[in-house]
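Just so it is clear, the structure is predicted and the values come from calculations on it, not from any experiment. Along the sequence shown, residues carry numbers from 1. Remember, it's 1-based here, ligands and their atoms both numbered in the order they're listed.
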Amino acid sequence: MYSIAIDGPAGAGKSTIAKRIAKELNFIYVDTGAMYRSIALYFLRKGTDPADVEAIAAECPNIKVTLAYEDGAQQVLLNGENVTGFIRNEEVGNMASKTSAIPAVRAALLDLQRDMAKTADILMDGRDIGTNVLPNADLKIYLTASSAVRAKRRYDELVAKGETCDINKIEEDIITRDKQDMSREIAPLKQAEDAVLVDSSDMNIDEVVEAIKAEFEKVK
Ligand code: DC
């Protein structure tokens with residue numbers, strides 16, 4: 001069984017790239033950000049202040065996140081409800097960046113993530129996969145791009161959906177999230193010592209996919 005870990009900052013294209021590679025290699029794709037996002041959704045719905053660490057820790061035993069697959073696409077269930085359609089927005093992303101810094105939240109997901117890698121060839125993406133969740137992964141990739149490029153990609157995505165947005169505000173949000181994710185005490189975002197750095201600022205999706213597949217060929 002093989003495992004591939006892809007970590008990197010918000011908007012680096014991890015999930016697009018990871019989905020493509022998992023499909024081509026016939027691996028199961030695990031989007032750990034979606035798991036943190038569904039916990040964030042739980043607390044947004046309850047109106048919990050993300051700074052109230054005690055309230056969040058006390059509530060964690062009541063939250064069950066499970067993953068299911070429909071036609072190969074990951075679905076996230078929050079206490080049995082399929083929340084996949086509700087978690088991909090900035091509000092949930094920003095809340096996830098805050099609540100994921102709380103140890104009880106990370107503890108609630110860690111074993112689940114580790115267990116998934118014991119059952120199948122897995123490609124997992126997130127912030128701490130290579131450094132913490134799967135320290136023995138066969139291949140670790142640190143996928144990044146400049147904040148300006150990441151903001152432009154996000155902007156183009158939103159415009160394509162017909163939304164109006166301000167590219168400078170998007171870049172500011174990205175920089176804030178990077179800071180939060182990199183400076184937290186527990187499992188911060190950082191490149192694992194044995195990870196291969198892929199900077200996609202000047203690469204298209206096909207080029208990134210090919211580069212990562214070429215790295216996998218070297219280790220398999
Ligand atoms: O990758 P994403 O944007 O869906 O992740 C949302 C937030 O979840 C991110 O800002 C930090 C957190 N996260 C984490 O702390 N650890 C992971 N392995 C994945 C995500």
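- The shell of residues lying under 4.0 angstrom from ligand 1, judged by heavy atoms, excludes Met124.
- Of all atoms in ligand 1, numbered sequentially from 1 with element shown, those under 4.0 Å from a heavy atom of Gly126 are 17 (C), 18 (N), 19 (C).
- Inclusion of Asp125 in the set of residues having an N or O under 3.5 Å from an N or O of ligand 1 is not warranted.
- The nearest heavy-atom contact from the protein to atom 8 (O) of ligand 1 is Tyr36 CB, 3.5 Å.
- Donor-acceptor pairing under 3.5 Å is lacking for the side chains of Tyr155 and Glu171.
- Scanning the protein heavy atoms around atom 19 (C) of ligand 1, the nearest turns out to be Thr32 OG1, 3.4 Å.
- Contact annotation: Arg184 has at least one heavy atom less than 4.0 Å from an atom of ligand 1.
- Using a distance-only test at 3.5 Å, with no hydrogens or angles considered, a donor-acceptor pair links the side chain of Arg37 to the main chain of Ile87.
- Within ligand 1, counting atoms from 1 as listed, the ones closer than 4.0 Å to a heavy atom of Arg88 are 4 (O).
- Shortest contact from atom 17 (C) of ligand 1 to any protein heavy atom: Arg127 N, 3.3 Å.
- Contact atoms of ligand 1 toward Arg177: 3 (O), 6 (C), 7 (C), 9 (C), 10 (O) (distance under 4.0 Å to a heavy atom of the residue).
- Side-chain atoms of Asp181 and Ser97 include a donor-acceptor pair closer than 3.5 Å.
- A donor and an acceptor atom, one from each side chain of Tyr36 and Arg106, are located under 3.5 Å apart.
- Nearest approach of Asp125 to Thr32, heavy atoms of both residues: O-OG1, 2.6 Å.
- For Gln113, the closest heavy-atom approach to ligand 1 does not fall below 4.0 Å.
- Those atoms of ligand 1 with a heavy atom of Arg37 less than 4.0 angstrom away are 2 (P), 3 (O), 4 (O), 6 (C).
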Under the salt bridge (Lys or Arg N to Asp or Glu O under 4.0 Å) criterion, do Arg20 and Glu210 qualify, and how do the steps go? CA-CA 10 Å; Arg20 275 266 306 266; Glu210 287 315 312; 5.3 Å; no
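- Nearest protein heavy-atom contact of atom 7 (C) of ligand 1 is Ala96 CB, 3.7 Å.
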Please test Ile6 against Ile129 for side chain to side chain contact (heavy atoms under 4.5 Å, CB included), starting from the C-alpha separation and ending with a verdict. CA-CA 7 Å; Ile6 302 185; Ile129 311 306; over 6 Å; no
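- Looking at Arg106 against ligand 1, only its side chain comes within 4.0 Å, counting heavy atoms.
- The six-membered or imidazole ring of Tyr2 lies near that of Phe216, with a centre-to-centre distance under 6.0 Å.
- Checking each of Arg154, Lys152, Glu172 against Ile167 for a side-chain contact (heavy atoms from CB on, under 4.5 Å) leaves exactly one that passes, namely Lys152.
- Of all the atoms in ligand 1, the ones that sit under 4.0 Å from a non-hydrogen atom of Ser100 are 11 (C), 12 (C), 15 (O).
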